[in-house]
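Contents: one structure, followed by commentary.
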Amino acid sequence: MCGIIGLVSKKEVSSTLLEGLKRLEYRGYDSSGIATISNEKIERVRSKGNLSFLEEKLLNSSLPGNIGIGHTRWATHGSPEEKNAHPHITDKVAVVHNGIIENNNQLRNQLIEAGVEFSSDTDTEVVCHIITSYLNTGLSAYDSIRATMSDVRGTYAFGVLILNEPNKLFAVRGGSPLAIGSANNENFIGSDTYSLSAYSDNITYLKDGDVAEIENDSYRIFDHSNSLVEREKQSIIESITLSEKGIFKHFMLKEIHEQPEVIAKSLSNYIDMDNGVLNIPNLPHDLSTITNVTLVACGSSYYAGLIARDWFEKFTNIKVDVEIASEFRYREAPMASNGLTIFISQSGETADTLAALKHCKYLGQKTISIVNVGDSSMCRNSDASLKIYAGPEIGVASTKAFTCQLGVLACLAIKIGTSNGSLSEYQEKEYVKSLLSVPRLISNTLDKEDEIKNLAHDLSNITTTLYLGRGQMYPVAMEGALKLKEISYVHAEGYPAGEMKHGPIALLEKDLPVFIMSPSNNLYEKTVSNLNEVIARDASVILFTDKEGLDNIGLLKNKIKAFVLDKSDIISAPFIYTIPNQLIAYYIALLKGTDVDQPRNLAKSVTVE
Ligand code: M6R
């Protein structure tokens, strides 16, 4: 999703802005640009495609100036071309924008009628022209920005340069995140903590309606009613080294390997290790009286919710619904009056999930968000939030955040189960024991990386595939298919194994690879029946199971490729079976030569509907 960086300094800023843009790359983008003020002029350089093209252009055209804004664009209004890349400028104003202006068409038509000529298809250019028109009436820079905010409808964060205020950077927040980071004699703005963490050890998040006037040695924030306000300064706790690739070729691979450590760290925040019981901070809800649980999320976070449904149902005896945020928010589903709704999100900024959260608050639901980014909008808008402590996840494909979400969801399910009397103390300890074994079991699975790499090698030419599973393995299968799709661009479908015969079986043909996830549990025999259906149609089965599972299929093992994982239970299975799927997707993508960390068209944090 679009990323903003800005800097006001005593030194030249363009090279630092470029570095800042590199830290925004992981969010996903298709073009980029930088604008500065120098010699009483706004100058800009923009480019379509990878940042290296912008870097090359900057080598040839120096961009002087001590104040500037930069942007990575993920196309919404207008195709990914240079003319649509930000910053958008007039002779007096430069603007970078993250979000969507919903009344763009109406405003654009009004401006065209007033004689304005547009040079892009973007909604952002509209903003640029409106600010300019207010400046032309004699309003101050601040008042022009405020007036523009009243005209536009939508979600936005803006970084703004105004030519007649050449020492002030303006930062505006109206629904999309934006923060200020300060260092010695220079102040930054950035879309997220990561973009600012290289330059500043503290961060101040703007609130909706805020406009900040930022100079190199100070800044002032005004709230929606134009009152000067203090916003909390938070320290940037996640160190930069955590976010570097180290020995790994890609962030995704690094993040896959970090899982044992970060899951252990995450669990240590919610488990009393000495006594093997939960230690969840006090929540502002009486968990013993909850009658319904709804889990709401998008993408991988939604699959984490589907996996967790089994835990919530089994441990709490409460009815559980799992909802895709973009569908749920418009469905107007009735909600139980004493219901708890849990929002799951790595970024905490996903627009649909955030809108669903606001909707649920309006309906009087109790709300908890499970997020990775602790100071995110979801965190701030819910009654309580439980951080997953995965550390910065840079690869667009979610890996460690997904498994850390599972860990926290399992803790919360156990907690509600013990609070409402569905689980005994003994059961709590048994499930906690199982959770604590997860980091070790993931390490064991990662030790088999070479085997998975070889498997991926054999599969490098596939064009389509199925992932099958039952129970919790069904969402694990969907997550596996999503990983493969998003980073290798191979068509993949995750399906409930028992449903296959109701349609997808028609797809089976000789050598079609079919991944089947099945630990030896109560669903194993049923899944083996489905496996037989696949073999009978000459498709090629890759079975993930444990030793007992493999032993149980006798001679059938000669007809399939089997991959043996550790023995698991209802808690540990989804974690263990997720790992090979992550590695398969990674190694197939590597062989295909795709952009693993920043796959085409995708954004790390989807802040538009
Ligand atoms: O930040 P969120 O967890 O709310 O993001 C939700 C999805 O956009 C995200 O999980 C997406 O599906 C990932 N690319 C999956 O790898």
Side-chain angles (χ1 to χ4, degrees), residues 1 3 26-29 74 176-177 191-194 250-253 255-256 259 295-308 322-329 342-358 369-379 381-382 385-406 408-409 467 475-490 492 494 578-579 581-586 589 594-609:
M1 208 69 353
Y26 78 97
R27 296 163 67 96
Y29 69 108
W74 187 80
S176 301
S191 289
D192 56 24
T193 313
Y194 180 56
H250 292 100
F251 280 111
M252 182 182 176
L253 189 61
E255 287 157 7
I256 290 173
Q259 288 176 106
L295 303 162
V296 183
C298 300
S300 292
S301 301
Y302 168 69
Y303 297 144
L306 284 177
I307 290 168
V322 191
E323 300 277 359
I324 293 177
S326 55
E327 292 292 320
F328 169 75
R329 60 181 287 202
I342 301 168
F343 301 86
I344 313 162
S345 174
Q346 188 286 127
S347 60
E349 300 292 349
T350 300
D352 285 315
T353 314
L354 196 54
L357 164 60
K358 289 179 181 162
S369 61
I370 294 186
V371 295
N372 194 28
V373 181
D375 41 16
S376 56
S377 305
M378 245 172 259
C379 214
N381 281 287
S382 39
S385 69
L386 297 174
K387 213 180 150 195
I388 63 168
Y389 297 100
E393 189 179 66
I394 307 298
V396 163
S398 183
T399 52
K400 62 175 182 170
F402 176 74
T403 45
C404 285
Q405 285 169 345
L406 290 181
V408 177
L409 283 162
Y467 286 69
V476 167
M478 288 198 286
E479 169 62 6
L482 177 66
K483 288 288 90 89
L484 187 67
K485 267 186 277 210
E486 66 181 337
I487 63 166
S488 72
Y489 317 147
V490 170
T578 292
I579 307 301
N581 288 339
Q582 294 174 343
L583 288 168
I584 283 170
Y586 174 76
T594 55
D595 190 341
V596 171
D597 284 332
Q598 288 147 34
R600 69 185 180 202
N601 305 334
L602 278 171
K604 182 68 186 160
S605 167
V606 183
T607 51
V608 293
E609 279 189 54

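One-based numbering, in listed order, for ligands and for the atoms of each. These figures come from a predicted structure and were not determined experimentally.
Atom CZ in Phe402 sits 7.0 Å away from atom NZ in Lys483 (nearest 0.5 Å).
Ligand 1 places these atoms under 4.0 Å from at least one heavy atom of Ala397: 16 (O). Taking every heavy atom of Ser301 and a limit of under 4.0 angstrom, the matching atoms of ligand 1 come to 2 (P), 3 (O), 10 (O). Close contacts of ligand 1 with Ser345, meaning ligand atoms under 4.0 Å from a residue heavy atom, involve 1 (O), 2 (P), 3 (O), 4 (O). Which parts of ligand 1 touch Lys483 is read off a 4.0 Å heavy-atom cut-off, strictly below it: atoms 15 (C), 16 (O). Residue contact check: Ser300 has heavy atoms under 4.0 Å from atoms 10 (O), 12 (O), 15 (C), 16 (O) of ligand 1. Close approach to Glu486 involves these atoms of ligand 1, each under 4.0 Å from a residue heavy atom: 13 (C), 14 (N), 15 (C), 16 (O). Counting the atoms of ligand 1 from 1 in the order shown, those under 4.0 Å from a heavy atom of Val396 are 13 (C), 14 (N), 16 (O).
Looking only at side-chain heavy atoms (C-beta outward), Phe343 and Asn381 stay at 4.5 Å or farther from each other. You'll find the side chain of Thr399 stays beyond 4.5 Å of the side chain of Tyr586, heavy atoms only.
Of the N or O atoms in Gln405, none lie within a sub-3.5 Å distance of an N or O in ligand 1.
Of the protein's non-hydrogen atoms, the one nearest atom 8 (O) of ligand 1 is Val606 CG2, 4.0 Å. Among protein heavy atoms, atom 1 (O) of ligand 1 sits closest to Ser347 OG, 2.7 Å. If you check which protein heavy atom lies closest to atom 4 (O) of ligand 1, you get Thr350 OG1, 2.4 Å. Nearest to atom 7 (C) of ligand 1 among the protein's heavy atoms is Cys298 O, 3.7 Å.
Across Leu602 and Val396, no two heavy atoms sit closer than the pair CB-CG1, 3.8 Å.
A donor-acceptor pair shorter than 3.5 Å cannot be found between the side chains of Ser398 and Ser300. A donor atom on one side chain and an acceptor atom on the other are found under 3.5 Å apart for Gln259 and Thr403.
Checking side-chain atoms of Glu349 against main-chain N and O of Ser377 turns up a donor-acceptor pair under 3.5 Å. Although no hydrogens or angles enter the test, the distance criterion places a donor-acceptor pair under 3.5 Å between the side chain of Glu393 and the main chain of Lys400.
At a 4.0 Å cut-off, not a single heavy atom of Thr353 sits close enough to ligand 1 to count as contact.
Here Ser191 pairs with nothing under the side chain to side chain donor-acceptor pair (under 3.5 Å) rule; sequence neighbours left out.
At a heavy-atom distance under 4.0 Å, no atom of Glu349 approaches ligand 1.
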